[in-house]
**Student:** 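Right, I'll just put the structure down here and ask away after.
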There are 2 protein chains.
Amino acid sequence: MKIRDKYTCPLELIFDMIAGKWKCIIIWRLRLGKQSLAALNKDIEGINQKMLLQHLNELMDCKIVDKNTYEGYPLRVEYFLTEFGKEILSGLEVFQSIGKKYLKAEGNVIELC
Amino acid sequence: MKIRDKYTCPLELIFDMIAGKWKCIIIWRLRLGKQSLAALNKDIEGINQKMLLQHLNELMDCKIVDKNTYEGYPLRVEYFLTEFGKEILSGLEVFQSIGKKYLKAEGNVIELC
DNA sequence: CCGTATCCTCTGCGATACTG
DNA sequence: CAGTATCGCAGAGGATACGG
């Protein structure tokens with residue numbers, strides 16, 4: 001993740017925070033509540049554990065995502081959106097609905113997300 | 001620009017369309033109306049003409065941006081947002097205001113955009 | 001079940017120079 | 001002023017294996 005030293009526009013800062021192949025979909029999947037790593041890994045088609053973890057860590061660096069860790073075996077963690085993350089989510093919801101409309105106009109009938 | 005063959009989420013499609021270091025700022029700058037290439041090049045700090053053109057072309061491929069070309073010398077073109085582009089813009093406005101709020105909370109007093 | 005370390009590939013970005 | 005062509009590099013993304 002490349003956060004620049006200097007921004008001329010607030011938009012760019014937020015955008016850099018969520019730039020990355022899987023960031024937006026991770027946030028999207030966390031919209032309904034806490035998720036374990038394994039659950040995310042299973043739900044997000046095409047991702048592998050390493051990339052998931054890397055993106056989650058970057059999202060945590062930006063305070064978009066946080067996690068709870070529970071001691072004991074089997075290990076258990078819960079990733080979830082912070083309040084800041086939920087604000088970001090509200091922007092993504094706009095894109096989600098634009099995308100849905102776009103796909104429908106293109107004749108796609110896939111049932112997605 | 002990497003548009004995938006298959007999407008499980010409409011959000012990802014829209015996101016891939018505007019992924020790229022300069023895409024969102026270009027759209028942002030076009031929010032107030034038509035702009036020549038030279039004007040964009042001057043206004044967007046740090047970009048060079050080649051990258052600007054490449055990103056504009058990709059945005060045109062996705063029908064987010066369109067342009068008018070006027071014959072004669074000196075050459076003149078006008079890049080502008082399509083209706084689809086304006087929808088995308090409405091999502092970016094959310095990030096802009098989140099970013100502004102975030103920077104203010106961080107103690108930044110810069111006057112941006 | 002969570003998380004880290006290595007290694008490798010591919011492409012986004014950028015510097016530079018050139019054409020109409 | 002608008003647009004194209006080359007070339008190089010850093011870093012994002014991914015396969016795989018290992019450790020707590």
Side-chain angles (χ1 to χ4, degrees), chain A residues 1-8 12 15-27 29-30 34-62 65-80, chain B residues 1-9 12 15-27 29-30 34-62 64-80:
Chain A
M1 185 180 41
K2 190 89 180 171
I3 301 294
R4 313 174 206 186
D5 296 334
K6 179 166 162 281
Y7 284 92
T8 53
E12 284 185 294
F15 221 76
D16 280 355
M17 287 178 174
I18 56 178
K21 186 169 180 183
W22 306 103
K23 296 263 175 72
C24 67
I25 190 70
I26 291 173
I27 296 172
R29 290 240 100 110
L30 289 176
K34 303 178 199 281
Q35 295 284 330
S36 70
L37 184 69
L40 289 169
N41 202 356
K42 180 166 158 288
D43 288 345
I44 300 176
E45 203 175 313
I47 204 170
N48 64 43
Q49 197 187 27
K50 188 214 159 198
M51 289 313 298
L52 176 56
L53 226 20
Q54 180 182 313
H55 281 84
L56 279 168
N57 285 330
E58 290 176 358
L59 288 168
M60 288 194 293
D61 289 343
C62 297
V65 166
D66 199 359
K67 74 171 168 182
N68 293 325
T69 305
Y70 302 92
E71 302 295 334
Y73 282 86
L75 287 176
R76 196 162 74 87
V77 297
E78 287 173 339
Y79 289 93
F80 58 93
Chain B
M1 183 179 43
K2 191 92 179 166
I3 301 294
R4 313 174 206 185
D5 295 334
K6 179 166 162 282
Y7 285 91
T8 54
C9 183
E12 285 185 294
F15 221 76
D16 281 354
M17 287 178 174
I18 56 177
K21 186 168 178 184
W22 306 102
K23 295 265 175 69
C24 66
I25 189 71
I26 290 172
I27 297 173
R29 289 242 100 110
L30 288 176
K34 303 179 199 282
Q35 295 284 330
S36 70
L37 184 69
L40 288 169
N41 201 356
K42 182 166 157 286
D43 288 345
I44 301 175
E45 203 176 313
I47 203 171
N48 63 44
Q49 198 189 26
K50 189 212 160 201
M51 289 313 298
L52 176 56
L53 226 19
Q54 180 182 314
H55 281 85
L56 279 168
N57 285 330
E58 291 176 357
L59 288 169
M60 289 194 292
D61 289 343
C62 298
I64 292 170
V65 167
D66 200 359
K67 75 171 167 182
N68 293 326
T69 306
Y70 301 92
E71 301 297 333
Y73 281 86
L75 288 175
R76 196 162 74 87
V77 297
E78 287 174 338
Y79 289 93
F80 58 93

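Sequence lines set the chain letters: A, B, ... in the order given, protein chains first and strands last, and positions in each chain run from 1. FYI, side chains are in, hydrogens and waters are out, and symmetry mates aren't considered; it's all heavy atoms of this structure.
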**Student:** State the CD1-CG distance between A:Ile26 and A:Leu52, to the nearest 0.5 angstrom.
**Tutor:** 5.0 Å
**Student:** Hey, would you say the B:Phe15 and B:Tyr7 ring centroids sit under 6.0 Å apart?
**Tutor:** no
**Student:** What is the distance from CZ of B:Phe15 to P of D:dA12, rounded to the nearest Å?
**Tutor:** 15 Å
**Student:** Tell me whether the side-chain N/O atoms of B:Lys2 come closer than 4.0 Å to OP1 or OP2 in D:dA12.
**Tutor:** no
**Student:** Would you please confirm or rule out a distance under 4.0 Å between OP1 or OP2 of D:dC1 and any side-chain N or O of B:Tyr79?
**Tutor:** no
**Student:** May I ask you to evaluate whether B:His55 reaches the phosphate of C:dC13, defined as a side-chain N or O under 4.0 Å from OP1 or OP2?
**Tutor:** yes
**Student:** Report yes if some heavy atom in the side chain of B:Leu37 is under 4.5 Å from a heavy atom in the side chain of B:Tyr79; otherwise report no.
**Tutor:** yes
**Student:** Side-chain N or O of B:Asn48 versus OP1/OP2 of C:dA15: is the shortest distance under 4.0 Å?
**Tutor:** yes
**Student:** Counting Watson-Crick and G-U wobble pairs whose two distances are both under 3.5 Å, find the runs of 3 or more in a row that involve DNA chain D.
**Tutor:** C:3-20 with D:1-18
**Student:** For B:Lys23, answer base if it contacts any base atom (sugar-phosphate contacts may also be present), sugar-phosphate if it contacts only those atoms, and nothing otherwise; contact means non-hydrogen atoms under 4.0 Å.
**Tutor:** nothing
**Student:** Considering heavy-atom distances to DNA chain C, does A:Leu75 or A:Leu53 have its closest nucleotide positioned more toward the 5' end?
**Tutor:** A:Leu75
**Student:** A:Lys21 or A:Gln49: which one's nearest nucleotide on DNA chain D is closer to the 5' end?
**Tutor:** A:Lys21
**Student:** Give a yes/no answer on whether the side chain of B:Trp22 brings an N or O atom under 4.0 Å of OP1 or OP2 in C:dG12.
**Tutor:** no
**Student:** For a quick test of reading the model: is some side-chain N or O of A:Lys50 closer than 4.0 Å to OP1 or OP2 of C:dG3?
**Tutor:** no
**Student:** Would you classify B:Thr69 as touching base, sugar-phosphate or nothing, given that sugar-phosphate means primed atoms plus P, OP1 and OP2, and contacts are heavy atoms under 4.0 Å?
**Tutor:** nothing
**Student:** How would you label the contact of B:Lys42 with the nucleic acid (heavy atoms, under 4.0 Å): base, sugar-phosphate, or nothing?
**Tutor:** nothing
**Student:** Counting the atoms with a prime plus P, OP1 and OP2 as sugar-phosphate, which does B:Gln54 contact under 4.0 Å by heavy atoms, base, sugar-phosphate, or nothing?
**Tutor:** nothing
**Student:** Ignoring the backbone of B:Asn57, work out which of D:dA2, C:dC2, D:dT4 is nearest its side chain.
**Tutor:** D:dT4
